[in-house]
Amino acid sequence: MADDALNIDDLIQQLDSEGMIGFTESFVSDIEKGFSVVNEKYLPWLSELKSTEWSGVLCFGMGGSAAGGDFLARLSDASGSKPVVVHRGYEVPSWWTTDWLILATSHSGNTEETLAATESALQRGATAVVISTGGMLAGLCELHESCYLIPSIGGQPPRTAFGHLFSRQLALFEHLGILTRQSNDEREAMLVRLGYACETNDFRKPSGAPLLDLAIAMKERTVSLLGPTEMQPALIRFKNQLNENAGRFARVGVVPEMNHNEIVAWGGVSDDADPAREDQATLFLTWDGMQRRVARRIDWMIEHTPTDYAWRIHGEGTSHLEVLLHHCIVMDWLTIALAFLHGKDPAAIRPIQALKAYLADDASV
């Protein structure tokens, strides 16, 4: 149980300078709004892109703005009609050709890596869709006839805007036929269930007490995040949210791949107890759709984990998409709770700001 002496409301009042709690609460409504604005009424150019036979989609982005590309790639691997590749960096991959649609996502519109890669691709004849709140990236749509803008909503840190960005990305893929669109009834039911998950994982409420207990247990322990390949984008985003929100390191292991290498390190080099392994917090992200052999592997790992601090976080939902989004809700509440427990403002990202200031002084960048 959470420490009775802990006053989480006081910590929120002291530390939540940019309203991260509010952004977390609005996750599901952000998704719903994003779905509603991507249609041919508001974006008539969608019909032109829909009539083109694309070989695949190359997603440009960094940080929180790139996360949606990871989700799209995994969803497309499972049930899509085209390959989706995520590229983080300044350059366009050497193999890229103009029959691959570019999807460039930057919340601010000024992410230098995404901007450079998109400009380079457009100069080589690309067709690009930009998802942004504005900035120089959105400005490319005014300079190039083959560059189209899906505007997003600003006023918040990029990592809290995942709902805005990903819903627009997903709606685009559905309109292009790369992913099958849910029926209206299925989507409405999914959003209702996700809304309930968002409410019940709110650690300020009695229903969120188990999540706060988990954050307290994780506070002084190293963190490992493990799960099946289908959950890899959620694992990566979980790590990134821990990095930015809570200022914490975490390592990611994906099953079955990590069973062929990392699992050896779990056993160590001797039979002696290793405090570092025994005291780590290990979270297993699972779901009902796991391949049978992968599920058995994870069951074995949970049974044989060297730590007493292991938890299974089971994604709820009737689809791969819903489970991924459910995991996002849990991780957002959990990482913000950890930030408060550490006395950290979850919006504070001073090292990133310092690096950007350093790079800005270099005229060659």
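- Linking Ile, Leu, Val, Met, Phe, Trp and Tyr whenever their side-chain heavy atoms come within less than 4.5 Å leaves L179 and W100 in two separate clusters.
- Of the charged side-chain nitrogens involved, at least one lies within less than 4.0 Å of a carboxylate oxygen, so that E262 and R251 count as a salt-bridged pair.
- Salt bridge annotation for R221-D308: absent, with no cationic side-chain nitrogen under 4.0 angstrom from a carboxylate oxygen.
- Electrostatic pairing of K356 and D361 does not count as a salt bridge here, judged by no charged N lying under 4.0 Å from a carboxylate O.
- Aromatic rings from W287 and H320 are positioned such that their centres are separated by under 6.0 Å.
- Ring geometry for F162 against F166 counts as parallel: the plane angle stays under 30°, on a 0 to 90° scale with 60° as the upper cut.
- Remark: the backbone N or O of I302 is not paired with any side-chain donor or acceptor of T305 at under 3.5 angstrom.
- When atom types are taken as modelled, the side chain of T335 and the backbone of M331 share a donor-acceptor pair closer than 3.5 angstrom.
- With respect to the salt-bridge test (charged N to carboxylate O, under 4.0 angstrom), the residues K344 and E244 do not qualify.
- No donor-acceptor distance shorter than 3.5 angstrom exists from the side chain of R124 to the backbone of S120, with no hydrogens or angles considered.
- A salt bridge links R193 with E322; the closest basic N to acidic carboxylate O contact falls under 4.0 Å.
- Between the side chain of S76 and the main chain of A73, no donor-acceptor pair closer than 3.5 Å is present.
- The pair K33-D30 does not count as a salt bridge, with every side-chain nitrogen at least 4.0 angstrom from each carboxylate oxygen.
- A perpendicular orientation is assigned to the rings of F340 and F203, their planes being inclined by more than 60° (bins at 30° and 60°).
- Using a cutoff of 4.0 Å between basic side-chain nitrogens and carboxylate oxygens, R350 and D345 are not scored as salt-bridged.
- With contacts defined as side-chain heavy-atom distances shorter than 4.5 Å, the pair Q280/V223 does not qualify.
- By the 6.0 Å contact criterion, CD on E188 is open, its count of non-hydrogen atoms from other residues, nucleotides or ligands being 12 or less.
- Two residues are said to be in side-chain contact when any heavy atoms from C-beta on lie closer than 4.5 Å; K239 and L235 fail this criterion.
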